[in-house]
Chemist: 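Have a look at this one before I ask anything.
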There are 2 protein chains.
Amino acid sequence: MRETADSIAEGLERRFAADGFAAPGVDALRAAAGVSLRTLYRHFPSREAMVLGALERRHRRYLETLVDRTAAGGGTEAVRAAFARLSRWMAEEAPTGCLFRNAMAAHPDSDAVRAQVRRHKEENRAAFARLLAAAFPALPTAARDPAAGALFLIQEGFTAAYPTLGPAQAEADARALLDPLLRRLEKEAAA
Amino acid sequence: MRETADSIAEGLERRFAADGFAAPGVDALRAAAGVSLRTLYRHFPSREAMVLGALERRHRRYLETLVDRTAAGGGTEAVRAAFARLSRWMAEEAPTGCLFRNAMAAHPDSDAVRAQVRRHKEENRAAFARLLAAAFPALPTAARDPAAGALFLIQEGFTAAYPTLGPAQAEADARALLDPLLRRLEKEAAA
DNA sequence: GCCAAGGTAAAACGATCGTTCTACCCTCCG
DNA sequence: CGGAGGGTAGAACGATCGTTTTACCTTGGC
């Protein structure tokens, strides 16, 4: 039951990530989930529920990737490692870009989708704040939230530029923002 | 002829910007264009052509807004003014976010859409490079392209965060990146 | 031994969508 | 005068889509 639901959600997430939210019909989603149409509808009673189910799974996996507790190091290294994981994530899991923005673009009139995307982005931004607090404990509290916002916006820009201008350009442009930011954070934390 | 085509494109752009690319059917586009179905198809022989027509118009208008030749001032003021115009643009014209990324999300399998989006983003990035060259003529050439990439990525992050976290948060986070960047550019240009 | 429970496969339905076609009107130019 | 070009309104078509339903199979527990 719960296991099959998550196994189905895995297939849904994979398909939506590969082909976007507009192209695949319910029958293609059924094939990706590896179950019958009846079972698919039992666990996700509408196509919108399938979208929400895929997004929920995605949300957990993305935050786990972004803040990896097994990763060592602090300071600038911790932040750089997070962006390195993000870079790998985009290449392996999100060739068509951020799944949440894509979902909102494909379902502009769904309140449920919009709410889930907003929740994801808020927790995503909060995760950067926690990452920053752990990496730079000496950073003045007044500088914390702006720095978290800066990291969040670099991520948004990076994931947005990724599918349009390609990995190399997106990474170069993100580095042009990230490098001086980290230098500044190191200086402020040392002071 | 050419005039009616542009008048139709204006209606298409407005509708796509307001409701996204997934929701409005051809008949809703026809109503927004204010013409009959036959005339609409005469100028844009398929729905995909309507999308491309709207994007082409959008491309011209966006770049005109971003680099306003009538705007005065140089240095940091020129860059700040460009982002102020961008902020107004989002509020008035793009409540659902960047039209090009939305189009690509809604038409993931259209080569024509993808090509047009890529072209737009490349010219968009080049426009930032020109803006920067005009605003900071003394900036070392080695620092030019990274700075243009940084501005471009701030824009991408800002327009991406805008529809999910709202105008206030998006602007605050963008400022957290823009302010130190401009301070650094001023220093590098003065040296 | 059997009967729910939950699975598969696939037909069927109603709605919607992109596109084409029909029928008619206006207006400019030879 | 007359006819061609471009406009409007809207019916019609074929395809696709999301969803429901039918019919049948498998399995574990009383």
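Numbers restart at 1 for each chain; the letters A, B, ... are given by sequence-line order, proteins then strands.
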Chemist: Does a side-chain N-to-carboxylate-O contact under 4.0 Å join B:Arg88 and B:Glu92?
Modeler: no
Chemist: Quick check against the 3.5 Å criterion: does A:Arg125 have a side-chain atom that pairs as donor or acceptor with the backbone of A:Phe152?
Modeler: no
Chemist: Just do the salt bridge (charged side-chain N to carboxylate O under 4.0 Å, His left out) check on B:Arg61 and B:Glu13 with the steps written out, would you?
Modeler: CA-CA 11 Å; B:Arg61 293 184 60 236; B:Glu13 183 198 342; 2.6 Å; yes
Chemist: Would you please classify the geometry between the B:Phe16 ring and the B:Phe21 ring as parallel, tilted or perpendicular, with 30° and 60° separating the classes?
Modeler: parallel
Chemist: B:Arg30 has an atom CZ; how far is it from atom C1' of D:dT8, in whole Å?
Modeler: 10 Å
Chemist: Starting at the 5' end of nucleotides 12-21 of chain C, put B wherever the base has a protein heavy atom under 4.0 Å, S where only the sugar-phosphate does, and a dash everywhere else.
Modeler: ------SBB-
Chemist: For C:dG6, does either OP1 or OP2 sit under 4.0 Å from a side-chain N or O belonging to A:Arg42?
Modeler: no
Chemist: Checking side chain to side chain contact (heavy atoms under 4.5 Å, CB included) between A:Leu178 and each of A:Ile154, A:Thr76, A:Asp173, which is the one that passes?
Modeler: A:Ile154
Chemist: Which whole-number value in Å describes the distance from A:Phe21 CZ to D:dG18 P?
Modeler: 14 Å
Chemist: Let me know the distance between CZ of A:Phe44 and C1' of D:dT19, rounded to the nearest Å.
Modeler: 17 Å
Chemist: Using OP1 and OP2 only, check whether a side-chain N or O of B:Thr39 sits under 4.0 Å from D:dT8.
Modeler: yes
Chemist: Is it true that B:Arg184 and B:Asp179 make a salt bridge, defined as a side-chain N closer than 4.0 Å to a carboxylate O?
Modeler: no
Chemist: In whole Å, what is the span from the CG atom of A:Leu29 to the P atom of D:dT19?
Modeler: 11 Å
